[in-house]
Amino acid sequence: MSRRRAVLVTFGAGWCGYGALGILANPRQGTTELLSEVTQWVPMAALGWVWVAAGIIAIGAGLVVSCPRIQAAGYAALASVAGLWAAAFTLAIPRAPTASGSASIWVSVAVGVVVVSGMDDPLPRAVRKRWR
(Lines give C-alpha, C1' and ligand atoms only; values in the text may rest on other atoms or scores of the structure.)
Protein backbone atom coordinates (compact mmCIF):
# COMPACT_ATOMS: atom_id res chain seq x y z
CA MET A 1 0.00 0.00 0.00
CA SER A 2 1.31 3.44 -0.88
CA ARG A 3 1.94 6.04 1.80
CA ARG A 4 -0.79 8.36 0.53
CA ARG A 5 -3.30 5.51 0.58
CA ALA A 6 -2.11 4.47 4.04
CA VAL A 7 -2.78 8.02 5.28
CA LEU A 8 -6.30 7.84 3.87
CA VAL A 9 -7.02 4.53 5.58
CA THR A 10 -5.42 5.53 8.89
CA PHE A 11 -7.05 8.95 9.14
CA GLY A 12 -10.32 7.51 7.84
CA ALA A 13 -10.35 5.00 10.69
CA GLY A 14 -9.59 7.83 13.11
CA TRP A 15 -12.45 9.92 11.73
CA CYS A 16 -14.84 6.95 12.08
CA GLY A 17 -13.72 6.42 15.66
CA TYR A 18 -13.99 10.10 16.54
CA GLY A 19 -17.46 10.34 15.04
CA ALA A 20 -18.78 7.12 16.55
CA LEU A 21 -17.07 7.17 19.94
CA GLY A 22 -16.27 10.84 20.53
CA ILE A 23 -19.44 12.42 19.19
CA LEU A 24 -22.25 9.87 18.90
CA ALA A 25 -21.54 7.67 21.94
CA ASN A 26 -19.96 10.24 24.25
CA PRO A 27 -20.44 13.89 23.23
CA ARG A 28 -18.41 16.08 25.57
CA GLN A 29 -20.26 19.05 26.97
CA GLY A 30 -17.38 21.47 26.35
CA THR A 31 -17.07 20.46 22.72
CA THR A 32 -20.81 20.71 22.21
CA GLU A 33 -20.89 24.20 23.73
CA LEU A 34 -17.93 25.42 21.68
CA LEU A 35 -19.54 24.17 18.48
CA SER A 36 -22.76 26.13 19.02
CA GLU A 37 -22.21 28.08 15.77
CA VAL A 38 -22.53 24.78 13.94
CA THR A 39 -25.01 22.96 16.18
CA GLN A 40 -27.58 25.71 15.82
CA TRP A 41 -27.96 24.43 12.25
CA VAL A 42 -26.94 20.77 12.51
CA PRO A 43 -27.45 18.52 15.55
CA MET A 44 -24.40 16.86 17.12
CA ALA A 45 -25.73 13.41 16.22
CA ALA A 46 -25.79 14.37 12.54
CA LEU A 47 -22.27 15.78 12.84
CA GLY A 48 -21.14 12.49 14.35
CA TRP A 49 -22.49 10.66 11.34
CA VAL A 50 -20.77 13.17 9.04
CA TRP A 51 -17.45 12.26 10.68
CA VAL A 52 -18.20 8.54 10.27
CA ALA A 53 -19.20 9.04 6.62
CA ALA A 54 -16.06 11.07 5.88
CA GLY A 55 -13.99 8.31 7.46
CA ILE A 56 -15.68 5.63 5.38
CA ILE A 57 -15.14 7.67 2.21
CA ALA A 58 -11.45 8.09 3.08
CA ILE A 59 -10.99 4.39 3.86
CA GLY A 60 -12.72 3.42 0.62
CA ALA A 61 -10.58 5.87 -1.34
CA GLY A 62 -7.45 4.52 0.31
CA LEU A 63 -8.29 0.97 -0.68
CA VAL A 64 -8.67 1.87 -4.36
CA VAL A 65 -5.42 1.35 -6.26
CA SER A 66 -4.22 3.77 -8.94
CA CYS A 67 -7.10 6.21 -8.99
CA PRO A 68 -5.98 9.68 -7.96
CA ARG A 69 -9.47 11.18 -8.42
CA ILE A 70 -11.00 8.81 -5.89
CA GLN A 71 -8.08 9.45 -3.53
CA ALA A 72 -8.71 13.18 -3.93
CA ALA A 73 -12.32 12.64 -2.82
CA GLY A 74 -11.04 10.85 0.27
CA TYR A 75 -8.70 13.69 1.11
CA ALA A 76 -11.48 16.23 0.52
CA ALA A 77 -13.72 14.32 2.94
CA LEU A 78 -11.01 14.31 5.60
CA ALA A 79 -10.12 17.98 5.16
CA SER A 80 -13.71 19.23 5.02
CA VAL A 81 -14.77 17.97 8.44
CA ALA A 82 -11.45 18.95 10.03
CA GLY A 83 -11.87 22.37 8.44
CA LEU A 84 -15.41 22.63 9.78
CA TRP A 85 -14.15 21.88 13.29
CA ALA A 86 -11.28 24.37 12.82
CA ALA A 87 -13.69 27.11 11.75
CA ALA A 88 -16.18 26.40 14.53
CA PHE A 89 -13.55 26.44 17.27
CA THR A 90 -11.96 29.57 15.79
CA LEU A 91 -15.34 31.34 15.85
CA ALA A 92 -15.77 30.32 19.50
CA ILE A 93 -12.50 31.95 20.66
CA PRO A 94 -13.99 35.42 21.44
CA ARG A 95 -16.51 33.98 23.91
CA ALA A 96 -14.37 31.07 25.13
CA PRO A 97 -10.60 31.67 24.84
CA THR A 98 -9.93 28.02 25.72
CA ALA A 99 -11.21 27.13 22.25
CA SER A 100 -7.93 28.44 20.85
CA GLY A 101 -6.18 25.16 21.67
CA SER A 102 -8.72 23.07 19.78
CA ALA A 103 -8.78 25.59 16.93
CA SER A 104 -5.00 25.35 16.59
CA ILE A 105 -5.07 21.58 16.47
CA TRP A 106 -7.89 21.33 13.94
CA VAL A 107 -6.39 24.02 11.69
CA SER A 108 -3.10 22.08 11.73
CA VAL A 109 -4.84 18.80 10.97
CA ALA A 110 -6.86 20.28 8.09
CA VAL A 111 -3.79 21.95 6.57
CA GLY A 112 -1.72 18.79 7.07
CA VAL A 113 -4.30 16.68 5.24
CA VAL A 114 -4.33 19.15 2.34
CA VAL A 115 -0.51 19.15 2.17
CA VAL A 116 -0.31 15.34 2.16
CA SER A 117 -3.00 15.17 -0.52
CA GLY A 118 -0.70 17.02 -2.90
CA MET A 119 2.37 14.88 -2.29
CA ASP A 120 3.53 12.22 -4.69
CA ASP A 121 4.16 8.71 -3.50
CA PRO A 122 7.80 7.65 -3.80
CA LEU A 123 8.65 5.43 -6.73
CA PRO A 124 8.54 1.67 -6.06
CA ARG A 125 11.81 0.24 -4.70
CA ALA A 126 12.65 -1.60 -7.94
CA VAL A 127 12.32 1.61 -9.96
CA ARG A 128 14.34 3.67 -7.43
CA LYS A 129 17.24 1.19 -7.68
CA ARG A 130 17.38 1.63 -11.45
CA TRP A 131 17.63 5.40 -11.11
CA ARG A 132 20.80 5.28 -9.00
Side-chain angles (χ1 to χ4, degrees):
M1 177 174 283
S2 74
R3 292 177 183 171
R4 290 183 74 244
R5 290 174 48 225
V7 167
L8 283 169
V9 172
T10 303
F11 275 55
W15 267 226
C16 286
Y18 183 69
L21 303 173
I23 299 174
L24 292 171
N26 188 23
R28 294 186 320 235
Q29 182 180 357
T31 301
T32 303
E33 290 172 6
L34 293 174
L35 294 171
S36 64
E37 282 80 7
V38 176
T39 57
Q40 69 182 346
W41 305 102
V42 182
M44 277 302 275
L47 291 170
W49 285 111
V50 167
W51 277 89
V52 171
I56 291 170
I57 291 167
I59 291 169
L63 295 176
V64 174
V65 179
S66 300
C67 192
R69 289 185 182 190
I70 291 177
Q71 291 176 12
Y75 278 106
L78 292 175
S80 62
V81 290
L84 173 65
W85 249 230
F89 282 114
T90 301
L91 289 171
I93 292 172
R95 64 180 167 77
T98 58
S100 60
S102 294
S104 299
I105 291 168
W106 287 114
V107 167
S108 299
V109 169
V111 170
V113 166
V114 171
V115 168
V116 170
S117 75
M119 292 180 173
D120 292 329
D121 273 326
L123 294 171
R125 180 170 284 169
V127 176
R128 283 193 309 252
K129 285 183 179 181
R130 283 187 260 148
W131 283 85
R132 290 184 184 179

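Computed from heavy atoms alone, side chains included, the values below leave out hydrogens, waters and symmetry copies. Positions are given from 1 along the sequence.
Summarising the geometry of P27 relative to T32, their closest heavy-atom pair is CB-OG1, 4.1 Å, with the distance given to 0.1 Å. For G74 against I57, the heavy-atom pair with the smallest separation is CA-CG2, 4.1 Å. Residue V52 comes nearest to G19 through the heavy atom pair CG2-C, 3.9 Å, listed as atom of the first residue, atom of the second, then distance. For the residue pair G83 and A110, the shortest heavy atom distance occurs at N-CB, 3.9 Å. Residue L24 comes nearest to A45 through the heavy atom pair CD2-O, 3.2 Å, listed as atom of the first residue, atom of the second, then distance. Residue V64 comes nearest to Q71 through the heavy atom pair O-NE2, 3.7 Å, listed as atom of the first residue, atom of the second, then distance.
Taking the charged nitrogens against the carboxylate oxygens, R95 and E37 do have a contact shorter than 4.0 Å, which makes a salt bridge.
Put simply, V81 and V42 are part of the same group of oily side chains (I, L, V, M, F, W, Y) that touch within less than 4.5 Å, one to the next. Hydrophobic clustering, with ILVMFWY side chains joined whenever heavy atoms are under 4.5 angstrom apart, groups V115 together with V107. A continuous path of Ile, Leu, Val, Met, Phe, Trp and Tyr side chains, each step under 4.5 Å between heavy atoms, connects W15 with V50, placing both in one hydrophobic cluster. The cluster map of Ile, Leu, Val, Met, Phe, Trp and Tyr, joined by side-chain heavy atoms under 4.5 Å apart, puts V114 and W51 in different clusters. A continuous path of ILVMFWY side-chain contacts below 4.5 Å connects I105 to L78, so both sit in one hydrophobic cluster.
Aromatic ring pairs are classed by plane angle as parallel below 30°, tilted from 30° to 60° and perpendicular above 60°; the pair W106 and Y18 is tilted.
Y75 places a side-chain N or O within donor-acceptor distance of the main-chain N or O of R4, the cut-off being under 3.5 Å. Side-chain atoms of T10 do not come within 3.5 Å of backbone N or O of V7 as any donor-acceptor pair. Checking side-chain atoms of R28 against main-chain N and O of G22 turns up no donor-acceptor pair under 3.5 Å.
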(message) Test side-chain contact (heavy atoms from CB on, under 4.5 Å) on M44 and I23; report intermediate values, then the result.
(response) CA-CA 7 Å; M44 277 302 275; I23 299 174; 3.9 Å; yes
(message) Under the criterion side-chain contact (heavy atoms from CB on, under 4.5 Å), I'd like the reasoning laid out for L47 against W85: C-alpha separation, chi angles, the key distance, then a yes or no.
(response) CA-CA 10 Å; L47 291 170; W85 249 230; 4.0 Å; yes
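Counting non-hydrogen atoms of other residues, nucleotides and ligands closer than 6.0 Å to CD of Q40 gives a total above 12. Annotation for F89: atom CZ counts as buried by contact number, over 12 foreign heavy atoms lying within 6.0 Å.
Summarising the geometry, atom CG belonging to L84 is positioned 7.5 Å from atom CG belonging to L35; distances are rounded to the nearest 0.5 Å. To the nearest 0.5 Å, the span separating CG on L34 from CG on L91 amounts to 11.5 Å. Residue I93 holds its CD1 atom at 6.5 Å from OG of S104, rounded to the nearest 0.5 Å.
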